[in-house]
A.B. asks: 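Dumping the structure here so I can ask a few things about it.
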Protein chains: 2
Amino acid sequence: MDKWTAEGDAFGKIILEVFRLNGRLIDAGDGIAAPVGQTSARWQVLGVVSGGPASVAQVARAMGLARQSVQRTADLLAADGLVRYADNPHHRRAKLVMMTPKGQQTLDYIGRRQVRWANRIGGGHDLEQLRTAAAVLRQLRESLEQDEQDSGPSASSDV
Amino acid sequence: MDKWTAEGDAFGKIILEVFRLNGRLIDAGDGIAAPVGQTSARWQVLGVVSGGPASVAQVARAMGLARQSVQRTADLLAADGLVRYADNPHHRRAKLVMMTPKGQQTLDYIGRRQVRWANRIGGGHDLEQLRTAAAVLRQLRESLEQDEQDSGPSASSDV
DNA sequence: GTCTTTATGGCAGTATCCTGTCGTATGGAC
DNA sequence: GTCCATACGACAGGATACTGCCATAAAGAC
């Protein structure tokens, strides 16, 4: 029959909103990071690295992106002196991306603006519903990652 | 103080998941549309146009994207014969993007795969929670769009 | 009618992310 | 030790999105 189930339909509505919301969040992040010459993409890399030195590949996995995307951003951040590459005692080629004092100051500035912004936006919504939404999104992502593995190399879900 | 409120913190968690989920949804959409040579971006344009002829600018607004992004995709779809540009009786320059039979067939095929996929993924989750999440995402997007307008041309939310 | 504002598309350039391919480093099997 | 699978970075190229700027069409003010 190929008809929509209630759950499938609700999921479809979430998909549309995720696409739209993703765009607006990037816009907002760009605005928050702009006064110190940063963007959403650079900010996100800084945020991961602020949790401790990590290789480019590790940062990429944490963000759910491809290595090359993060590599390019990290190189730009290094060129601006916000991060630096340090030798990795466990891997000769995979250098560690580390925050510099300048990078930490930049992230601190952005973080202060982010708190005020997130509190302002989040404040207009119901706490329990926000938490439910966060949990649902995480579960959906896990379902997608699992589904991708299942129908991976030898997919058989054709029409 | 600049401390996180509970709502702001929950919103922050949603942001991270929206970024990750957005990537996984594009991946999944590419997989669904790939057998007929399409991508998530082209599929989304086809979906809007299937609701009736529309100008490029109208499609862009419906998708929450910039005009140029949609223009490029629409040109590619037209080159492949999935849509065509028709004269707009109400506007000489703004031609209408219309589905072709080929485009409709392609969208139908993708739609059948989408239904099965969305039902499969959505089926593993609670209906009420899915609906709550969809509603929260929509409300958050509206808050962001409103906030953007408020602090628009003459923003004054600096540090 | 004329003027101004707004909307639209065209063109050019940029940012972000992806894939594919390669050479090299690491770590475990043997 | 040697071999092989895996992981990582480098390089090249492409897809998707954005912005800025311009010319023209449409719509409303007058």
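Below, all heavy atoms of this structure are taken into account, side chains as well, without hydrogens, waters or symmetry copies. Lettering of chains follows the sequences in order, A, B, ..., and the numbering in each one begins at 1.
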A.B. asks: Any base atoms under 4.0 Å from B:R92, or only sugar-phosphate, or nothing? Heavy atoms, all strands.
C.D. replies: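 If one applies the 4.0 Å heavy-atom cut-off, B:R92 turns out to touch the sugar-phosphate alone, with no base involved.
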A.B. asks: Going by the rule side chain to side chain donor-acceptor pair (under 3.5 Å), which residues pair with A:S50 if we only count those two or more places apart in sequence or in a different chain?
C.D. replies: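 Here no residue qualifies.
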A.B. asks: So, is A:S55 near the phosphate of D:dA7, with a side-chain N or O under 4.0 Å from OP1 or OP2?
C.D. replies: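 So the side chain of A:S55 is outside the cut-off, no N or O lying under 4.0 Å from OP1 or OP2 of D:dA7.
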A.B. asks: Does B:D27 pair with B:R24 as a salt bridge, N-O distance under 4.0 Å?
C.D. replies: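 Judged by the 4.0 Å cut-off on N to carboxylate O distance, B:D27 and B:R24 do form a salt bridge.
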A.B. asks: So does A:R61 get a backbone contact from the side chain of A:R67, meaning a donor-acceptor N/O pair under 3.5 Å?
C.D. replies: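 No, the answer is negative, given that no donor and acceptor are paired below the 3.5 Å cut-off.
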A.B. asks: With a cut-off of less than 4.0 Å, is there a side-chain N or O of A:R72 near OP1 or OP2 of C:dT16?
C.D. replies: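 Looking at the OP1 and OP2 atoms of C:dT16, one of them is under 4.0 Å from a side-chain N or O of A:R72.
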A.B. asks: Got a sec, which residues hit salt bridge (Lys or Arg N to Asp or Glu O under 4.0 Å) with A:E7, two or more places apart in sequence or on another chain?
C.D. replies: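 Result, salt bridge (Lys or Arg N to Asp or Glu O under 4.0 Å) vs A:E7: none returned.
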A.B. asks: Of the residues in residues 57-71 of chain B, which ones touch DNA chain C at a heavy-atom distance under 4.0 Å?
C.D. replies: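 Going residue by residue through residues 57-71 of chain B, the ones with a heavy atom under 4.0 Å of DNA chain C turn out to be B:A57, B:R61, B:R67, B:Q68, B:Q71.
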A.B. asks: Tell me the interatomic distance from B:D30, atom CG, to C:dC18, atom C1', rounded to whole angstroms.
C.D. replies: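 Distance check: B:D30 CG to C:dC18 C1' gives 9 Å.
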A.B. asks: With heavy-atom distances below 4.5 Å as the criterion, would you say the side chains of A:S55 and A:H91 are in contact?
C.D. replies: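 No, every pair of side-chain atoms sits at 4.5 Å or beyond.
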A.B. asks: Assign each of B:S40 and A:K95 to its nearest nucleotide of DNA chain D by heavy atoms, then name whichever residue's nucleotide is nearer the 5' end.
C.D. replies: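 Its nucleotide being nearer the 5' end, the pick is A:K95.
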A.B. asks: C:dT26 P sits how many Å from A:N88 CG, rounded?
C.D. replies: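 After rounding, the reported distance stands at 9 Å.
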A.B. asks: Roughly how many Å is it from NE2 in A:H90 to P in D:dA7, rounded to a whole number?
C.D. replies: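 The distance from NE2 of A:H90 to P of D:dA7 comes to 17 Å, rounded to the nearest Å.
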A.B. asks: Send over the distance from B:W43 CH2 to D:dT16 C1', rounded to a whole Å.
C.D. replies: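 That distance rounds to 17 Å.
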A.B. asks: Does A:T39 reach a base, just sugar-phosphate, or nothing at all? Heavy atoms under 4.0 Å.
C.D. replies: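 The residue A:T39 makes sugar-phosphate contact but no base contact.
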A.B. asks: Can you tell me how far C1' of C:dC17 sits from CG of B:L25, to the nearest Å?
C.D. replies: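 It works out to 16 Å between those atoms.
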A.B. asks: Given salt bridge (charged side-chain N to carboxylate O under 4.0 Å, His left out), test B:D9 with B:K13 step by step and report yes or no.
C.D. replies: CA-CA 6 Å; B:D9 183 66; B:K13 289 186 170 58; 2.8 Å; yes
A.B. asks: Rounded to whole angstroms, how far apart are CD on B:Q44 and C1' on D:dT16?
C.D. replies: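 It is 11 Å, rounded to the nearest whole Å.
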